[in-house]
Amino acid sequence: GIDAAKVRWVSLPPPQLRQALAAGRVDAITELVTGRPGVEALADGRGTVVLPYSDYLTDLYGNVLATTSTTAAAHPDLVRRFRDAILRGLQYAIDHPGEAGQIFAKYQPQYRADVAAAEIGLMAPYSRADQWGVPVGALDERRVMRSIAVLQGAGALPAGITPDSVVSFNLALGS
C-alpha cells in the first residue's frame, strides 16, 4: 500500500538514523531488527513497526566478519584468531544479555543497559544456528549459494558471483 513514487530516500550517517525517526524528520529508517528496543527507547513510548527482510528474502545471512584479501593471504592465523575471539564474545553476550548490556552501557554511557540487553536478546535467534546443528558463526557453502541466488533474483547482485568469490571458506569457522 505504499506508493513508491512518493517515497523520498534521505541519506544520513547511521548514528543519526534513530534520532531522525524519533524527531519526526523521517517516517521510516533502515535498521537491524535487533535495534527495535533502541528505536523505541528514543520514541517516548510510541510503538514501531518492523519489517524484517527475512520475511521476504528468506535464507539470507545477516552480518558477517570481513577483511581484505591482502590481510587474509598474509595473516590467515591472525584472521582465524580474531574470528574465534569475536565469536566467543558474541556467544557469551547471547548467553548473558544482562551482563553484556551492562558492559555496553559502561563504555557507551548514552545507551541504557536494559535497552542494550533487550537488543542482544533479540539478536539470539538470528545468531544461533542450533537448529541446524552448527556453531555460531559457521558458514555453509550451499546456504551461501542460496543467499547469492536470492539476491541475484531480487536484482541486488549481478550474475557471476559465486560463493568462493565472496567467502574464504579456508578461513571460515571450522577451518
Practice item. Using the side chain to side chain contact (heavy atoms under 4.5 Å, CB included) rule, take L42 and L21 through it: C-alpha gap first, then chi angles, then the decisive distance, then the call. Key: CA-CA 9 Å; L42 291 173; L21 182 65; over 6 Å; no

Practice item. Determine, stepwise, if the pair L90 / M123 fulfils side chain to side chain contact (heavy atoms under 4.5 Å, CB included). Key: CA-CA 10 Å; L90 174 61; M123 184 174 61; 3.6 Å; yes

Check your understanding: Could you walk me through whether F104 and I120 pass the side chain to side chain contact (heavy atoms under 4.5 Å, CB included) check?
Key -> CA-CA 10 Å; F104 189 84; I120 293 165; 5.7 Å; no

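Distance check: S168 OG to R80 CZ gives 9.5 Å after rounding to the nearest 0.5 Å.
Listed here is the closest heavy atom pair of A117 and P97: CB-O, 3.4 Å. Scanning both residues, V115 and A41, for their nearest heavy atoms gives CG2-CB, 3.7 Å. Taking both residues in full, the closest heavy atoms of Y111 and G38 are given as OH-CA, 4.1 Å, listed atom of the first, atom of the second, then distance.
Under the 4.5 Å side-chain criterion, counting only non-hydrogen atoms from C-beta, N170 is not in contact with P76. Within the 4.5 Å cutoff, the side chain of Q108 has heavy atoms near those of the Q110 side chain. In this structure, the side chains of F169 and V144 come closer than 4.5 Å at one or more pairs of heavy atoms. Contact annotation: the side chain of V39 approaches that of I29 to within less than 4.5 Å [non-hydrogen atoms, C-beta and beyond].
Hydrophobic clustering of Ile, Leu, Val, Met, Phe, Trp and Tyr side chains at less than 4.5 Å, counting indirect connections, unites F82 with V136. Under the 4.5 Å side-chain contact rule for hydrophobic residues, W9 and I2 share a cluster. In the hydrophobic cluster analysis, where Ile, Leu, Val, Met, Phe, Trp and Tyr join through side-chain heavy atoms closer than 4.5 angstrom, V166 is grouped together with L139. Grouping the Ile, Leu, Val, Met, Phe, Trp and Tyr side chains by contacts below 4.5 angstrom, directly or via other members, places I148 with V150.
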Tell me which donor-acceptor pairs under 3.5 Å the side chains of residues 68-75 have, and how far apart each pair is, sequence neighbours excluded?
{"from": "T68", "atom 1": "OG1", "to": "T71", "atom 2": "N", "distance (Å)": "3.0"}
{"from": "T68", "atom 1": "OG1", "to": "T71", "atom 2": "OG1", "distance (Å)": "3.0"}

Sequence neighbours left out, cut at 3.5 Å: what donor-acceptor pairs do the side chains of residues 151-162 make with other protein atoms?
{"from": "Q152", "atom 1": "NE2", "to": "P158", "atom 2": "O", "distance (Å)": "2.8"}
{"from": "T162", "atom 1": "OG1", "to": "S165", "atom 2": "N", "distance (Å)": "3.3"}

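Ion pair D77/R81 flagged as a salt bridge, since at least one NZ, NE, NH1 or NH2 atom sits closer than 4.0 Å to an Asp/Glu carboxylate oxygen.
No side-chain donor-acceptor contact under 3.5 Å links R36 to the backbone of V50. Between the side chain of R83 and the backbone N or O of L65 there is no donor-acceptor pair closer than 3.5 Å.
Evaluation of the salt bridge (charged side-chain N to carboxylate O under 4.0 Å, His left out) test over residues 5-16, restricted to residues two or more places apart or in two chains, returns none. Legend: salt bridge (charged side-chain N to carboxylate O under 4.0 Å, His left out) pairs involving residues 145-165, not counting sequence neighbours, sorted by first then second residue: D59-R146. Counting only residues at least two apart or in different chains, salt bridge (charged side-chain N to carboxylate O under 4.0 Å, His left out) contacts with residues 9-22 comprise R18-E31, R18-E119.
With sequence neighbours left out, the side-chain hydrogen bond (donor to acceptor under 3.5 Å, both in side chains) criterion links D114 to R112.
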